[in-house]
> 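The structure that follows is given in the form of structure tokens.
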Amino acid sequence: MVNKLPRVAYFCMEYGLDSNFKIYSGGLGILAGDIIKAAKDMDMPMVGIGIRWRQGYVDQYIDKNGYPYDTYHVYEYDFLEDTKIKIPVEIRDRTVWCKVWKVDKFGNVPLYLLDTYLPENSDWYITGQLYGWFSEERIAQELVLGVGGIRALRELGIDIDVYHFNDSHPLFAGIELIREKMDEGLDFESAWKEVKENIIFTTHTPVPAGNEIHSHKLLQYMGAYLNLSQEQMIALGGDPFNMTVAGLRISRIANGVAQLHKETACNMWKDVKEKAPIIGITNGVHVKTWQDVRIREAYEKNEDLLEVHQNLKMNLIKFVKKRTSVKLDPDKLLIGFSRRAAPYKRSDLLFYDEERVRPYLESGSIQIIFAGKAHPNDYTGKGIIANIVKMSKRYPNSIVFLENYDMEIGAMLTKGCDIWLNNPRRPMEASGTSGMKAAMNGVLNCSILDGWWPEACEHGVNGWQFGDGFESEDEKEVDEHDAEALYKVLFEEVLPTYYENKDKWREMMKNSISSTMYKFSAERMLKEYYDLMYTKK
Ligand SMILES: *Cc1c(COP(=O)(O)O)cnc(C)c1O
């Protein structure tokens, strides 16, 4: 049978395929990894394009004063397949050669990774640290990913119908596609119009600072204009050049990563003229990667979920003991919270009014494990982590901070905790996928109605919400409101259910799994990508 599905090249700065394959940082990469695994399961004609990061994202530990510090390692892998292909990209008027590696050993469709660590390059360090640098070096990395990615596909002889840019980092791939058409003799407007038909764009963060902006002077100096003029580049990304705006203008259709996020994104970019329509395709996770097989089996055979969960909780408790020497109590409620330490995620909301939680933390009837990294240059984020570490010293038997958050910790926590806590300042969380992993393992979400959760939450049935979707410009007002709501749901609903009504807890676990296992799977997400975006109507 002829496969008539469009052939897709998926571009992303990072991929989370395996905990020890350090070419990811967080949510964006996990999403990309899950997508290329789902594409393999579903036999979809897709390839991934990314970067072979030598040092990956930062490794972050806590020093003896309780403050985070950063380290970097060079990671070598024996499973990268050498395609023997090398392609040139002009950066700062110098030729940078990019070697192309292939990876397909994680149950994924082929992933091609660009690598500048070659003796012939003076700028060999470009593919060193993921999100390690800003400005010039970030643009250099994005030129490798975008321009290098298109040239690699050409050299590999892979025909592509649809180019999907996951967030704006791959944007220069679009400029390269326009350049190709202009080289064939088309004028700029016609070239833009033609390539637009084949480009799909996914926008992510609603945090303004998360959307990259560059000056034209710098772009020109870096060689990011390719053969376009300043006027043409301004037509795409404005002045200064906004990568997300350009993404929205260079694509046929774009998506937000949850239904609420679609509204937020439409609102955020409403003044951008001539942009692609933004639809909502809610993220999903690769079930085989994130759902424990024992829970899956118990669910399918209608066995006691709590009994199986208790084993997974014990695994986690042993893991914590080994890493921190803290011994948590398996019979007491265990909350998980792992997030990048960004202020809007409010990692320490639980401590908003410490007096209120103190008795529970002292008695151990609430235990909580935190994990998460701050970006190396984010001192506010590092301060948040230091504060959590301080709390863990104040309540050493009930609060744990796990260092160097990675996929392994992510999986352990979303399988072994009882409650998954999520309290961003709405509507700043675009989607959030850790809550989906938790839900599929019968770990009950207790979350603000942000990101994906409004689509899934049946309060008191498959988890809990708090805050009732409250929003305000006044951050202090929201924090106070949400902290109050968190205490109320925790003390009056979660704790009584856990300690006094295990049958209801079992029932909720079952509802949590049944309401999320398909609806928030990467498979459902990928079907929607094909139906609503890749295939032209
Ligand atoms: C799932 C996962 C994420 C994304 O989770 P969020 O809900 O977006 O915070 C980030 N990092 C790791 C290691 C993960 O496993």
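Both counts, for ligands and for their atoms, begin at 1 and track the order of listing. It should be emphasised that the depicted structure is a prediction, and the values quoted were computed from it without experimental measurement. Sequential numbering from 1 along the given sequence is applied to the chain's residues.
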> Is the cationic atom of Arg346 (NZ for Lys, CZ for Arg) positioned less than 6.0 Å from the six-membered ring centroid of Tyr344 and within 45 degrees of its normal?
no
> Ligand 1: which residues have a non-hydrogen atom closer than 4.0 Å?
Gly26, Gly27, Ile30, Trp290, Arg339, Tyr405, Asp406, Met407, Gly432, Thr433, Ser434, Lys437
> Under a plain distance cut-off of 3.5 Å, with no hydrogens placed, do Thr414 and Asn441 share a side-chain donor-acceptor pair?
no
> Under the rule for side-chain contact (heavy atoms from CB on, under 4.5 Å), what residues qualify as partners of Phe134, not counting sequence neighbours?
Arg138, His375, Asn377
> Looking only at side-chain N and O atoms, does Glu455 offer a donor or acceptor that is under 3.5 Å from a partner on Thr282?
yes
> Can you confirm whether the side chains of His164 and Tyr529 place a donor and an acceptor under 3.5 Å from each other?
no
> Is there a donor-acceptor contact under 3.5 Å from the side chain of Gln60 to the main chain of Ala374?
yes
